[in-house]
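Notes for the one structure printed next.
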2 protein chains.
Amino acid sequence: MTIDTPRAGQPAATAAEAVQASVRQHISEGRLLPGQRLVDQALAEEFGVSRNTVREAMRLLAADGLVASVRNAGYSVRTLTTGDVHDIYTARRLLETGAILKSASAPDALLADVDQAASASEQHVLSGDWNRAATASLDFHRAVVRMAGSTRVDAFFHNLVAQLRLAFAVMPDESAFQIQWVGRDRQIADLILAGRRDEATALMNDYLNDSETQIIDGVRAAERARH
Amino acid sequence: MTIDTPRAGQPAATAAEAVQASVRQHISEGRLLPGQRLVDQALAEEFGVSRNTVREAMRLLAADGLVASVRNAGYSVRTLTTGDVHDIYTARRLLETGAILKSASAPDALLADVDQAASASEQHVLSGDWNRAATASLDFHRAVVRMAGSTRVDAFFHNLVAQLRLAFAVMPDESAFQIQWVGRDRQIADLILAGRRDEATALMNDYLNDSETQIIDGVRAAERARH
DNA sequence: GTTGACAAGATTGTTGAGCAATCTGTAGAT
DNA sequence: ATCTACAGATTGCTCAACAATCTTGTCAAC
């Protein structure tokens, strides 16, 4: 692992935040796989910071649920159980369908974001880049949740999605898994924009149920393979 | 401030977590008021731990939104703006009404918890203890959200409520503010238990709107009083 | 009286070394 | 094969120190 150049958006005010952001990004991009151990001494040397600084970053990541910690034994990239996946999808159903129902009172700009995110996702599929398509699809869902109008809910959902990526990483064929959703994103977006909210929520529920089923199968297979 | 004896439930595995839990509790109970500065050197001495340990606790509290931090200037108990209050109530409307709609598929035990929490709240009003009544009322709302069936949503809502307490603290007459809700909690609980979910969500929405209005007025008054 | 510049103090951000507690894995004894 | 004891690894935490930066108080200029 190497130190990332600070992202343009957030200049990473402190060293601990830079470490946190970098490790989080590595996890999101699948460069750090679930179960991977994170030894603070080693991280400190790689990032060129002190152990205390790494520890602060690890604590924050652990609070976010991305890193598991066992006292006096070590940190590691979290491995999600099937129970975790179900919990995350239960939360997604609540937030995403709820946000659709509240879309009646959402400002036009947020509706436009939803439309745009669905289109961006389609573009990446056409150009065959499933990895970007997957990211764009998640951005679409974040745009949906943003319609609810709460920055705190946005942040929570953002973290939920980051955790979900831990499960994506263990899917046997992630490209085939990811590509199938894009068309459904478009359908949901159209129903939202048309104001047909009940149909949109129904479709969203189907989507989430199907996605959950597949991921739980994948996680279960990975669990068995580990033993 | 003094060091709390570790709570029975969670033995506070590490020193940093003990500090975090203690400061959080002090904030919840109104012993630390919004704007109060939290100097790590001073906290370290009071808790008998090192500065680094206090810093880790402050970072976690800042991530939770309970503590504000300005680089090289200091930590302080967060002061909520009217925008923050609105954001929190927008989140509450989404989560609480959504949870009620999902109560159809909630296990009986969780419904029983909702009933019990509403009753406990009433009891404390009868015995005139508005402070406990307020806590019990919030517990009722947490029980409602728990019906949604996601531990991650529970934790998020728990934190949301903790932030809201920052606003309660600046209400001119908190006892009068708190007592008025208890009867409505009971009504909502009865509608949920009767399976009249649409009426329950409508009543919940009214409740949250009224509560938001009053708190925003209180926060606005406190803002003016500060200048 | 208000404004602005400047210096002094306070506080955080971070480092680096060090020690105790505890987990993990290994080698040996039964 | 199972259990035990030991050694190594890793975390949790402390302490002292220094640089960067924010805040406050002072003083002069307008």
Side-chain angles (χ1 to χ4, degrees), chain A residues 1 3-7 10-24 32 34-79 226-227, chain B residues 1 3-7 10-24 32 34-79 226-227:
Chain A
M1 191 189 326
I3 303 177
D4 285 325
T5 53
R7 288 174 302 177
Q10 290 129 331
T14 71
E17 279 161 26
V19 173
Q20 184 199 7
S22 180
V23 173
R24 164 177 276 141
L32 279 172
Q36 174 77 245
R37 296 206 51 188
L38 301 169
V39 179
D40 61 8
Q41 182 73 261
L43 288 176
E45 287 172 15
E46 289 177 37
F47 281 93
V49 299
S50 80
R51 257 187 73 209
N52 280 322
T53 302
V54 172
R55 278 173 51 73
E56 286 186 7
M58 290 295 119
R59 267 243 156 78
L60 291 170
L61 289 167
D64 280 349
L66 294 177
V67 161
S69 81
V70 181
R71 191 182 162 94
N72 295 314
Y75 295 103
S76 58
V77 179
R78 183 160 180 185
T79 303
R226 208 171 307 121
H227 295 296
Chain B
M1 191 189 325
I3 303 178
D4 284 327
T5 54
R7 287 175 301 177
Q10 289 128 332
T14 70
E17 279 161 25
V19 173
Q20 184 198 6
S22 180
V23 173
R24 164 176 276 139
L32 279 171
Q36 174 78 246
R37 297 204 53 187
L38 300 169
V39 179
D40 60 9
Q41 182 73 260
L43 289 176
E45 286 171 16
E46 290 178 37
F47 282 93
V49 298
S50 80
R51 258 188 72 210
N52 279 324
T53 301
V54 172
R55 279 175 50 74
E56 286 185 6
M58 290 296 119
R59 268 243 154 79
L60 290 170
L61 289 167
D64 280 348
L66 293 177
V67 160
S69 80
V70 180
R71 191 182 160 95
N72 294 313
Y75 295 102
S76 58
V77 179
R78 183 160 181 185
T79 303
R226 209 170 306 121
H227 296 296

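On a predicted model such as this, the values are computed, not experimentally measured, just so you know. Each chain gets a letter, A, B and so on, in the order its sequence line appears, and its residues count up from 1.
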With A:A57 via side-chain contact (heavy atoms from CB on, under 4.5 Å) - residues at least two apart: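 So A:A57 forms a side-chain contact (heavy atoms from CB on, under 4.5 Å) with A:V19, A:Q20.
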Residues that B:E45 engages under side-chain contact (heavy atoms from CB on, under 4.5 Å), provided they are two or more places apart: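 Counting only residues at least two positions away or on another chain, B:E45 forms a side-chain contact (heavy atoms from CB on, under 4.5 Å) with B:Q41.
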Contact pattern, 5' to 3', of nucleotides 4-15 of chain C - B, S or - by protein heavy atom under 4.0 Å: -------BBBBB
Closest approach of B:G65 to B:R78 (non-hydrogen atoms, all atoms of both residues):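 Looking at all heavy atoms of both residues, the shortest contact is O-CD, 3.1 Å.
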Minimal non-hydrogen separation, A:L60 against B:A63, with atom names: CD2-CB, 4.0 Å
Salt bridge (charged side-chain N to carboxylate O under 4.0 Å, His left out) partners of residues 65-74 of chain B, not counting sequence neighbours, each pair once: none
Partners passing side chain to side chain donor-acceptor pair (under 3.5 Å) against B:N72 (at least two apart in sequence or in another chain):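 With sequence neighbours excluded, B:N72 shows a side chain to side chain donor-acceptor pair (under 3.5 Å) to no residue whatsoever.
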Range on DNA chain D touched by chain A - first to last nucleotide, heavy-atom distance under 4.0 Å: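 So the outermost contacting nucleotides come out as D:dT10 to D:dT14.
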For B:R37, salt bridge (Lys or Arg N to Asp or Glu O under 4.0 Å) partners two or more places apart: none
